[in-house]
2 protein chains.
Amino acid sequence: MSTAHQQRSRATRARILEAAKTCFAREGYDAASVAEICQQAGVGKGGFYYHFPSKQALFLELLNGWLAELDALLAAEQAKAGSAPNRLMAMAGLMPQVAQAAVGQLPLFLEYLLQALRHPSIWKATIAPIRRYRRLFARLVAAGQSEGAIRQVEAELAARVIVSLALGDLLQDVLEDRGRRGGRQAAGSLELLLTGLEKKGTA
Amino acid sequence: MSTAHQQRSRATRARILEAAKTCFAREGYDAASVAEICQQAGVGKGGFYYHFPSKQALFLELLNGWLAELDALLAAEQAKAGSAPNRLMAMAGLMPQVAQAAVGQLPLFLEYLLQALRHPSIWKATIAPIRRYRRLFARLVAAGQSEGAIRQVEAELAARVIVSLALGDLLQDVLEDRGRRGGRQAAGSLELLLTGLEKKGTA
DNA sequence: GAATACAGACTGACCGGTCTGTTTTCGAGA
DNA sequence: TCTCGAAAACAGACCGGTCAGTCTGTATTC
């Protein structure tokens, strides 16, 4: 059981995180000021720095939370059965949806990437999952190959292509409507690619 | 003939642009200060604001210059002959190379995208070329289809996939080595995709 | 009354842009 | 050819504003 202290504390902490998410998405990491986040969260500076040691720490926690959601969703999908190509379709198709659902505003995703380039701690947190997904996709491709459903291409390369497609589609969506909606297409693109990966004469 | 005034002016202007390119790439648009760019260029604040009305204007000029280089390279490639799939390979394969050669440091490319999300003028300058390239690829795909070399898929979708692949590969390269080298892979990925786009039973 | 969970004024640093002054170059006239 | 004023091409001190983070004080809960 939690005390009233802890309950209130958790609530403000969550409000700060939520406010930060929208502020970062709207204005970017640098331009979004701590004061603005505080105002949006209905909290004073004291409250902010009581819960987070720095602006960067807050950002990193936001990123980690997002990655955790993504992991959970992919893990759930991975548990399901089905042929390798179908599972690939289902899993890869999740990426933009997850980005959309978890982040809310997609520009935040770009912000993650950009910050990852400059801050080693953020970079590690970002690159590790991407590599994990790539390995996962590679295993699925290999599985599809031993099932005889997928052409004999380099599995690593195919995995890289899948990730590229997901990332690229995300980017094009973001750019087209400047991050207002996002995550609409992608399914068709992947279908196209996977059809190409199928063994010839199958369709 | 140009006077000594003009010669010196152009030289400093070029130095400022070059310094800005490296600074923006290293630290990002917001974090890179005008003072720092000035120091790197060996120029005072006065010199800077004599040549550029604002920091944003400088950034925009950098972006436009890069886009112009890209356009030129693509136009040159477009003039060459060959079968549609081959031309697609050649053109699409240029993208990362161009990004690498023109920008020097790839993080700048991400910076462009991010700034495009928030500043309408930069957005217009960024999205227009991307749409142009997509149309160009779509036409090439359609051409390949009437040549009988490419499957009957929606040309628009295929073009989008190609752009996605280029963008996604770029991103993965940038993330993998944190923007130090970049632009190594990509060719293999495209080959994989185009093989998938070929008419079945061809290879 | 002590620890928790804040509020909000405050600080030092920094940043984009301005302004005044200085050096360099140019062109015209003597 | 030499001079000199004017325009071009800067240098760098300076300014208003902002921002991340601190500090002191206060209300609430235990």
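Proteins come first, then strands; the chains are lettered A, B, ... in the order of their sequence lines, and each starts at number 1.
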Point to revise | Proximity to DNA chain C (any heavy atom under 4.0 Å), residues of residues 29-37 of chain A only | key: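 Residues of residues 29-37 of chain A under 4.0 Å from DNA chain C: none.
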
Check your understanding: If every non-hydrogen atom of B:Y112 is compared with every non-hydrogen atom of B:I122, which pair is closest and at what distance?
Key ->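 That closest heavy-atom pairing would be O-CG2, 4.2 Å.
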
Check your understanding: About how many Å separate CZ of A:F137 and CG of A:L74, when rounded to the nearest 0.5 Å?
Key ->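 Spacing of CG (A:L74) from CZ (A:F137) equals 6.0 Å.
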
Between [X] ([atom1]) and [N] ([atom2]), how many Å, whole number?
{"X": "B:K55", "N": "C:dT18", "atom1": "NZ", "atom2": "C1'", "value": "17 Å"}
{"X": "A:Q39", "N": "D:dT18", "atom1": "CD", "atom2": "C1'", "value": "15 Å"}
{"X": "B:I16", "N": "C:dG17", "atom1": "CD1", "atom2": "P", "value": "14 Å"}
{"X": "B:Y49", "N": "C:dT18", "atom1": "OH", "atom2": "C1'", "value": "9 Å"}

Check your understanding: Among all residues two or more places apart in sequence or in another chain, which pass the salt bridge (Lys or Arg N to Asp or Glu O under 4.0 Å) test with B:R139?
Key ->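 Partners of B:R139 under the salt bridge (Lys or Arg N to Asp or Glu O under 4.0 Å) test: none.
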
Review point. For B:R135, which residues count as a side-chain hydrogen bond (donor to acceptor under 3.5 Å, both in side chains) partner, sequence neighbours excluded?
Key: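 Checked B:R135 against side-chain hydrogen bond (donor to acceptor under 3.5 Å, both in side chains); zero matches.
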
Point to revise | Those residues that, when tested against B:E61, pass side-chain hydrogen bond (donor to acceptor under 3.5 Å, both in side chains) (two or more places apart) | key: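 Partners of B:E61 by the side-chain hydrogen bond (donor to acceptor under 3.5 Å, both in side chains) criterion, ordered by chain and then number, come out as B:R13.
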
Distances under 3.5 Å between nitrogen or oxygen atoms of protein and nucleotides 1-7 of chain C:
| unit_1 | atom_1 | unit_2 | atom_2 | d |
| --- | --- | --- | --- | --- |
| C:dA5 | OP1 | A:H5 | O | 3.3 |
| C:dA5 | OP2 | A:Y50 | OH | 2.3 |
| C:dC6 | OP1 | A:T12 | OG1 | 3.3 |
| C:dC6 | OP2 | A:T12 | OG1 | 2.5 |
| C:dC6 | OP2 | A:H51 | NE2 | 3.0 |
| C:dA7 | OP2 | A:G44 | N | 2.3 |

**Study point:** Set of residues satisfying ring-ring contact (aromatic ring centres under 6.0 Å, His included) with respect to A:F24, sequence neighbours excluded
**Key:**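 Checked A:F24 against ring-ring contact (aromatic ring centres under 6.0 Å, His included); matches are A:Y29, A:F59.
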
Review point. Do the side chains of A:L58 and A:V34 get nearer than 4.5 Å, heavy atoms only?
Key: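 Answer no - side chains too far apart.
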
Review point. What's the verdict on salt bridge (Lys or Arg N to Asp or Glu O under 4.0 Å) for B:K55 and B:D30, showing C-alpha distance, side-chain angles and the deciding distance?
Key: CA-CA 10 Å; B:K55 188 184 176 184; B:D30 290 297; 5.5 Å; no

